[in-house]
There are 4 protein chains.
Amino acid sequence: MPQKVTPDASRRSETARRAILAAALDLVGEVGYAKLTIEGIAAAAGVGKQTIYRWWPSKGSLLFDAFLTLATDGQEDQAAALPDTGDVMADLKMVLRATVAELNEPRYDQPMRALHTEIVHDPALAADYAKRLDEPMRELKKDRLRAAQRAGQVAEDVDLDVAVDMLFGPILNRWLQRTGPLTPEYADRVVETALRGLQPRKAEQF
Amino acid sequence: MPQKVTPDASRRSETARRAILAAALDLVGEVGYAKLTIEGIAAAAGVGKQTIYRWWPSKGSLLFDAFLTLATDGQEDQAAALPDTGDVMADLKMVLRATVAELNEPRYDQPMRALHTEIVHDPALAADYAKRLDEPMRELKKDRLRAAQRAGQVAEDVDLDVAVDMLFGPILNRWLQRTGPLTPEYADRVVETALRGLQPRKAEQF
Amino acid sequence: MPQKVTPDASRRSETARRAILAAALDLVGEVGYAKLTIEGIAAAAGVGKQTIYRWWPSKGSLLFDAFLTLATDGQEDQAAALPDTGDVMADLKMVLRATVAELNEPRYDQPMRALHTEIVHDPALAADYAKRLDEPMRELKKDRLRAAQRAGQVAEDVDLDVAVDMLFGPILNRWLQRTGPLTPEYADRVVETALRGLQPRKAEQF
Amino acid sequence: MPQKVTPDASRRSETARRAILAAALDLVGEVGYAKLTIEGIAAAAGVGKQTIYRWWPSKGSLLFDAFLTLATDGQEDQAAALPDTGDVMADLKMVLRATVAELNEPRYDQPMRALHTEIVHDPALAADYAKRLDEPMRELKKDRLRAAQRAGQVAEDVDLDVAVDMLFGPILNRWLQRTGPLTPEYADRVVETALRGLQPRKAEQF
DNA sequence: TTCTAAGCGAGACGGTACGTCACGTCTTGTC
DNA sequence: GACAAGACGTGACGTACCGTCTCGCTTAGAA
């Protein structure tokens, strides 16, 4: 017999839910991930701790929801597609510059770091993240690259997942590990290098 | 009255130091990062808590030292250089496959995840990591790429830091975020894609 | 706006009332007073918590009602009078032995202890107890003693309240505080000692 | 293997111990037993909760110690003996009046009620109470009655334990249950009735 | 070689947060 | 409108660790 009954979601207080997510974001920004406590979130949200424990299995999943809210808010249409001016390099530079800008945005910095920490140690959360945040974004990126393939700007035999990793992985790592400054210029360089490849070319086509 | 006396390193017990580092590695492997406690490490090492607090300013720096021990042990010469058979693609595949293998090694997995978590939230530790672990490895990688440049296998105008990030970033990210399986084949694909670039070529050269 | 509406007793569910009282008695016997909770009683009775809070102001008063039910059940005539065989000592021994037997009865033990605990800390409940449980029983006891006075077996100038206290107080205390075994023999001894008094007699009259 | 290691009493902080006992007494007097919390005591004593849990297994045993402190403080010689003027009735009246006065003393009232509540539900604590508080007092009372027996003022065949119960039981009950006012006159009446007994006498001797 | 001051193990201490339990109130839908 | 159900804000529970602080006990380097 299951002893942990699922609560009745239909009775859930929307007010409380929103207050909790907002408080979580505010607090992680203020005090950082290390000092982020459930107790603190509950207090800041004017909510009982139990109301948090009732609806979220872990701090990580709360953080995840909070982050989703942050990412989704304001963009109802939810980013239909990446820009396509016909020039794949220019478009990619724009996207990577936007990514860099977002990561440098204080409002996003702490929550994203917190979320990444949880993901690293919680495979279930990682799966959720992969499915609900990474996957959609990745598809948009792959869509743009597919268009570039059709336009003859990206080789047909390129594994687009690898391509996406190669474009965004360096950015994310540099941000997480602070191995160097995360600038628009760096984003440009990554795009250029990824597109052209490391090997020299006999005949330039650019 | 001075309240923070620098301890006299000459009197430091080497036995205790080693026991603590070993216990930290063992424990992080057994119980994971989230349940890793100073108290637990002290108990496992048969050591007083104060002995830990005396020599390490934070759990992260202890983890860092423990990790250093792990990485250094057994390889006295400390990895003189990366292999250079003259074929840069083959060599890079070997190195990335080795990296993948290491990340998949259970003995390394938990400690590295723990260390990365600390790095994400502690800039000072991140600087230490960049300087003492990332930097030396990065130099070796750049050395190999420089050799490839001299051999005409890598373009002269490539930013080698970007190149290294583009090769290893995808691997590290996939491991940290579990966005996909981390296989030798994936490593190969990354190397191939990075070398050739995403753009098509007018005249194939290989 | 009125916030405390008196509930309409005519609509009260007799089924729920009985289920609650029965559940309270069962539970206090099973888990003891310390772990007796309103939530537990409601669950055991298959009743909403509000139904309890609607009809009882405190756990003590619920316990009191439950205890009344227990004491009243089965004896419809409600103990018309104490036995009167003409021999006051024999009769009192019988009554005290019955009291001892009841207190040793597991079914009564926990509920009575629980009730006494509440009484000790709740003067209002104590008054209720005194009026509705203690008083009637005390009157029966005093009636028997009055009969004994008329029969010349008890002195005319004895304060009957004191007499009752002196007979039943020791029993109750020994039970509550477990200062010694609560046996029928002890009951006999109390009766004998109370009747004869502590002082020696010049001429025995037994 | 026992997992609950006994703490090292030699390292115990006397300051903390005293602060806790004092805070417990203060608080139980201020807020009453029902609202007495470990957390509150710890806060009032300026002590961590763990320090209480480390040294006392239950709230009851803490209350017991606190009460012992209260009862012992100031009377170093610890009540050598009860008064013996040669007149047992007068002496007993004095003792019972003192008992009544103590029970009516606000400083003692709440702590004693609290302690009694715990005793009622905790046999182990009851045994402790019987041994360390009840027993010594009982012996003093029995000593006085034994002297009275030697003086021919109390019958030789009286069970002194029963006698003590008969004298003090009524007082304690009336106080706990508030079945009536607890006055010096009531104490006198109990003594008189207990000594003379309920039965009439053929030849009065006093 | 003795003294003495440091590091050491142990662990008690004042704290903070944990995750759970029950409180008493409130709301929702059923009878 | 009483009822079963149960979510809510509140607050205490007892536990786990935090980082600091003594305690004796070795154990080395200066006297």
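First the proteins, then the strands, lettered A, B, ... as listed; each starts at 1. The analysis underlying the following values was restricted to heavy atoms, covering all of them including side chains, and did not include hydrogens, waters or symmetry mates.
Nearest to the side-chain atoms of B:Trp55 among the listed nucleotides E:dC8, F:dA2, F:dT20 stands E:dC8. Set against F:dC18, E:dT20, E:dA12, the side chain of B:Tyr53 has F:dC18 as its closest nucleotide. Nearest nucleotide to the C:Gln50 side chain, out of E:dC23, F:dA5, E:dG15: F:dA5. Checking F:dC3, E:dC13, F:dA7 against the side-chain heavy atoms of A:Arg54 singles out F:dA7 as nearest.
When D:Val47, D:Ile20, D:Asp26 are each tested for a side-chain contact (heavy atoms from CB on, under 4.5 Å) with D:Ile41, only one passes: D:Ile20.
Taking five base pairs at each end of the helix from E:dT1-F:dA31 to E:dC31-F:dG1, the local helix axes there meet at an angle of 10°, rounded to 10°.
One can place CZ of D:Arg17 at 16 Å from C1' of E:dA12, the figure rounded to the nearest angstrom. Rounded to whole angstrom, the span from the CD1 atom of A:Ile20 across to the C1' atom of F:dC8 amounts to 11 Å. When rounded to the nearest whole Å, the span between CH2 of B:Trp56 and C1' of E:dC8 equals 13 Å. The CG-C1' distance, from A:Leu62 to E:dA17, rounds to 16 Å in whole Å. Here the C1' atom of nucleotide F:dC23 and the CD atom of D:Glu14 are 17 Å apart, to the nearest Å.
Between D:Arg11 and the phosphate of E:dC13, there is no side-chain N or O to OP1/OP2 separation shorter than 4.0 Å. When the side-chain nitrogen and oxygen atoms of B:Thr51 are compared with OP1 and OP2 of E:dG9, one or more of them lie within a distance under 4.0 Å.
Here the shortest heavy-atom pairing between A:Gly60 and A:Leu115 reads O-CD1, 4.3 Å. Here the shortest heavy-atom pairing between B:Ala24 and B:Ala66 reads CB-CB, 4.3 Å.
You'll find the side chain of C:Arg113 stays beyond 4.5 Å of the side chain of C:Thr117, heavy atoms only. The side-chain heavy atoms of C:His116 and D:Gln177, taken from C-beta on, include a pair separated by under 4.5 Å. Side-chain contact check for B:Asp122 versus B:Phe64: every heavy-atom pair is 4.5 Å or farther apart.
A cation-pi arrangement is not found for C:Arg11 relative to C:Trp55, the charged atom failing to lie both closer than 6.0 Å to the ring centre and inside a 45° cone about the ring normal.
For D:Lys49 against E:dG14, no side-chain N or O and base N or O form a donor-acceptor pair under 3.5 Å.
For C:Lys59 and A:Lys59, each mapped to the nucleotide of DNA chain E holding its nearest heavy atom, the one lying further toward the 5' end belongs to A:Lys59.
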Test side-chain contact (heavy atoms from CB on, under 4.5 Å) applied to C:Arg178 and D:Tyr129, step by step: CA-CA 10 Å; C:Arg178 297 183 226 257; D:Tyr129 172 80; over 6 Å; no
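Taking C:Glu118 as the reference, C:Tyr33 meet the side-chain hydrogen bond (donor to acceptor under 3.5 Å, both in side chains) condition, with sequence neighbours excluded.
Looking at residues 26-48 of chain D, you'll see D:Gly46, D:Val47, D:Gly48 sit with a heavy atom under 4.0 Å from some atom of DNA chain E.
Residue contacts for D:Arg12: at a heavy-atom cut-off of 4.0 Å it reaches the sugar-phosphate backbone alone, with no base atom in range.
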